[in-house]
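For the numbers below, each heavy atom of this structure counts, side chains included, while hydrogens, waters and symmetry mates do not.
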Amino acid sequence: MRSISKSYTCIVASKSEKTVDSLSSILSQNGFSKILVADSASRIRSIVTEREVDMIIVNSPLTDDFGINLAVDMAEKNLGVVLLVKRDMVDQVSYKVEPYGAIALGKPLIKAEFIQSVRVITAMLQKIKRLDRQRKTLEIHMKEIKLINRAKCLLIEQLAMTEEEAHRYIEKTAMDTSCRRVKVAEDIISTYEN
């Protein structure tokens, strides 16, 4: 079988040790090296607050929760979630969890179906991580633009420059001093706002 990824951390949750062993074995054979174990929703929530987790596999029911609320909560945190339920309940549970991004699979588990679901989730996780990196880059860029605009406003107010002159001043100073425009803007702000 093709390896999924060695960089994901997965929690396998079940009341049954045999199920935990079986699911952990399938996951480790498919590239998961970080597999944590839990038997309750409260333990899962605790693990998620303590460390970074990418995926949760829940063999329903757990000792303190059926798993639907947990699946929804964890999916809303952008974690991959597979909820294993009795086959006759799959449609009913899917209806409740799929709008949040969780997947419900029927028990007894079909190995190929499980592996395919995990692959779909890892693909989704990769996309989410890529979008998150892009979002962070855009936030940094927007912050820099705000700083530069604030510096331009200060130059206009304090030195009676036009907007074009303030823009050219920041650009030229950045080139002449071999530093970024945002650094020049920060220097202007610290000079005129103190």
Is it the case that over 12 heavy atoms from other parts of the model lie below 6.0 angstrom from the [atom1] atom of [X]?
X	atom1	result
Glu171	CD	yes
Tyr169	OH	no
Asp88	CG	yes
Gln134	CD	yes
Glu139	CD	yes
Lys129	NZ	yes

**Study point:** Sole residue of Thr122, Val12, Ile35 in side chain to side chain contact (heavy atoms under 4.5 Å, CB included) with Met55
**Key:** Thr122
Salt-bridged, [X] to [Y], with N to O below 4.0 Å?
X	Y	answer
Asp21	Lys18	no
Asp64	Arg43	no
Glu113	Lys107	no
Lys77	Asp73	no
Lys34	Asp54	no

Under 3.5 Å, is there a donor-acceptor pair between the side chain of [X] and the main chain of [Y]?
X	Y	result
Ser28	Ser24	yes
Glu165	Thr162	yes
Asp65	Ala41	no

Any side-chain heavy-atom pair from [X] and [Y] closer than 4.5 angstrom?
X	Y	result
Glu76	Val72	yes
Tyr192	Leu159	yes
Asp39	Leu62	no
Val48	Ile56	yes
Met89	Phe66	yes
Ile57	Ile11	no
Tyr8	Val118	no
Glu98	Ile103	no

How many angstroms lie between atom [atom1] of [X] and atom [atom2] of [Y], to the nearest 0.5 angstrom?
X	Y	atom1	atom2	result
Leu36	Glu50	CG	CD	10.0 Å
Ser117	Leu83	OG	CG	11.5 Å
Arg133	Ile128	CZ	CD1	12.0 Å
Leu138	Met142	CG	CE	8.5 Å

Exercise for review: For a side-chain hydrogen bond (donor to acceptor under 3.5 Å, both in side chains) with Glu144, tell me which candidate from Arg181, Lys183, Arg180 qualifies.
Suggested key: Arg180
Check your understanding: Cut-off 3.5 Å, side chains only: do Ser42 and Ser40 have a donor facing an acceptor?
Key -> yes
Practice item. Answer yes if the side chains of Ser25 and Gln29 hold a donor-acceptor pair under 3.5 Å, and no otherwise. Key: yes
Study note, to complete from the structure: Heavy atoms of Ser14 and Thr19 approach each other most closely as OG-CB, 3.6 Å
Review point. Cluster question for you: counting only ILVMFWY and a side-chain heavy-atom cut-off of under 4.5 Å, with indirect links fine, are Val20 and Phe32 together?
Key: yes
